[in-house]
Amino acid sequence: MQLLYRTRRSPGKLTKLQGSERRQYNRRMLQHTARVGFIGAGNMAESLIAGLLHAKLVLPSHLIASDIDPAARDVISGKYHVATTAKNAEAADEADLLVLAVEPQVLDQVLNEIADILPDKTLIVSVAAGYPIARIARHLRGMKRKKIVRAMPNTPSAIREGVTAIAGDEEVPGDELATARSLFETIGHVVVVPERLLDAVTGLSGSGPAYVYILIEALADGGVKMGLPRQTAQLLAAQTVAGAARLVLSSGEHPALLKDRVASPGGTTIAGIHALELGQFRATVTSAVEAATTRSAELGLEHQ
């Protein structure tokens with residue numbers, strides 16, 4: 001794969017997220033610049049394009065995105081000076097790396113359009129939820145060697161604070177998987193998992209931002225109930241969640257230990273924690289992850 005890429009530094013325990021520490025990369029210079037195509041020019045494609053350009057991994061002239069929606073194409077071409085097209089085949093033609101960023105319900109049609117023109121060299125990365133690697137491979141009858149990676153990013157990727165899980169098929173060599181990893185490291189953190197665990201990833205980090213938004217809203221509502229102005233309560237709630245998350249990542253310590261440091265004997269925090277336990281807070285959140293995982297698996301079966 002002819003892609004220039006950088007990887008994040010590992011500080012030992014978990015990746016630190018303080019200041020400029022979180023945006024340091026080790027650059028690997030490869031011989032040629034990759035041609036990267038995107039089929040679909042929606043929010044996730046835009047996040048990845050912005051990430052690649054911000055990290056200076058690929059020149060705008062080596063990127064192309066296709067979409068049937070002229071407005072989506074206008075956004076990509078206008079903001080990032082990247083070539084766009086209404087024809088999926090033009091985005092796929094001669095691509096070293098091709099990102100499938102369309103809804104799973106239209107992916108069958110898209111794959112049929114490009115199956116006979118994809119070069120054997122192309123690394124295919126799909127962000128279509130619930131659409132298995134095996135089904136992608138069945139459509140790509142024109143390729144002798146199918147190198148396919150599935151990815152599950154989440155919405156904070158739009159501000160380069162996401163987390164993505166990737167899974168590769170058995171034909172993807174290590175350096176190609178590293179290339180896929182480097183793509184998503186431009187928009188956040190990356191973990192590699194077996195494909196069978198992507199439903200659990202969907203239930204946790206894919207759907208997780210929505211759970212966190214509800215938590216922030218509930219914290220702010222509590223502040224308003226106790227007399228705080230709405231705007232102040234929302235800022236306090238959001239920054240509290242953001243700061244606590246950063247501390248978990250930067251310290252590498254178990255959340256339970258960090259919780260215990262806040263909960264002094266007979267104090268305010270332990271009283272609040274008791275109220276959460278009465279409402280089965282932890283069990284409810286765990287059940288939410290389980291329910292979303294189950295639904296993701298059901299959707300995957302529909303796309304077998």
Side-chain angles (χ1 to χ4, degrees), residues 3 34-54 57-143 146-159 162 164 166 180 183-184 186-187 198 202 206 296 299-300 302-304:
L3 180 63
R35 176 181 170 86
V36 182
F38 290 84
I39 295 183
N43 292 334
M44 186 50 61
E46 181 180 358
S47 295
L48 288 166
I49 289 169
L52 286 168
L53 296 177
H54 180 264
L57 300 190
V58 179
L59 296 173
S61 58
H62 289 88
L63 296 170
I64 184 171
S66 66
D67 203 289
I68 59 173
D69 183 2
R73 299 198 301 268
D74 289 345
V75 169
I76 298 300
S77 60
K79 289 177 67 173
Y80 306 104
H81 308 291
V82 166
T84 61
T85 175
K87 298 179 179 179
N88 295 328
E90 291 182 2
D93 186 38
E94 296 303 317
D96 297 298
L97 173 62
L98 181 66
V99 181
L100 304 175
V102 295
E103 297 295 328
Q105 57 265 31
V106 301
L107 193 49
D108 283 344
Q109 177 183 341
V110 166
L111 290 169
N112 288 335
E113 287 178 30
I114 65 174
D116 294 325
I117 60 122
L118 275 174
D120 291 336
K121 67 178 181 179
T122 304
L123 172 63
I124 298 156
V125 176
S126 171
V127 297
Y131 198 104
I133 289 174
R135 184 164 181 169
I136 295 173
R138 287 199 298 270
H139 281 281
L140 300 180
R141 55 191 177 277
M143 297 182 72
K146 305 173 185 67
K147 299 174 292 183
I148 306 167
V149 173
R150 271 185 67 190
M152 182 63 225
N154 63 2
T155 54
S157 299
I159 57 169
T164 301
I166 61 173
L183 168 67
F184 290 98
T186 68
I187 56 173
L198 284 179
T202 301
S296 177
L299 292 173
E302 294 174 9
H303 291 109
Q304 291 290 347

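Because the structure is a prediction, the values reported are computed rather than measured.
Among all heavy-atom pairs drawn from K121 and A95, the shortest one is CE-O, 3.9 Å. Residues V58 and A34 come closest through the heavy atom pair CG1-O, 4.0 Å. Here the shortest heavy-atom pairing between L63 and V82 reads O-CG1, 3.4 Å. Across all non-hydrogen atoms, the minimal contact from F38 to A45 is CD2-CB, 4.0 Å. Closest approach of Y80 and L53 over heavy atoms only: CB-CD1, 3.8 Å. Contact between I76 and A41 at its shortest, heavy atoms only, is CG1-CB, 3.8 Å.
Note that CD1 of I187 is 11.5 Å distant from CD of E46, once rounded to the nearest 0.5 Å.
Residues I49 and K79 fail the side-chain proximity criterion, which asks for heavy atoms closer than 4.5 Å. Side-chain atoms of L107 and S126, non-hydrogen and from C-beta on, do get closer than 4.5 Å to each other.
Residues meeting the side chain to side chain contact (heavy atoms under 4.5 Å, CB included) test with D69, sequence neighbours left out: D67, A71, A72. Partners of E90 under the side-chain hydrogen bond (donor to acceptor under 3.5 Å, both in side chains) rule, at least two apart in sequence or in another chain, are T85.
Counting heavy atoms of neighbouring residues, nucleotides and ligands inside a 6.0 Å radius, atom CG of N43 does not exceed 12 of them.
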Using a 3.5 Å cut-off and no angle test, enumerate the donor-acceptor pairs between side-chain atoms of residues 151-159 and protein atoms at least two apart in sequence or in another chain.
{"from": "N154", "atom 1": "OD1", "to": "V163", "atom 2": "N", "distance (Å)": "3.0"}
{"from": "N154", "atom 1": "ND2", "to": "S205", "atom 2": "O", "distance (Å)": "3.2"}
{"from": "S157", "atom 1": "OG", "to": "N154", "atom 2": "O", "distance (Å)": "2.7"}

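Checked by atom type and distance alone, the side chain of R135 never pairs as donor or acceptor with a backbone atom of D108 at under 3.5 Å.
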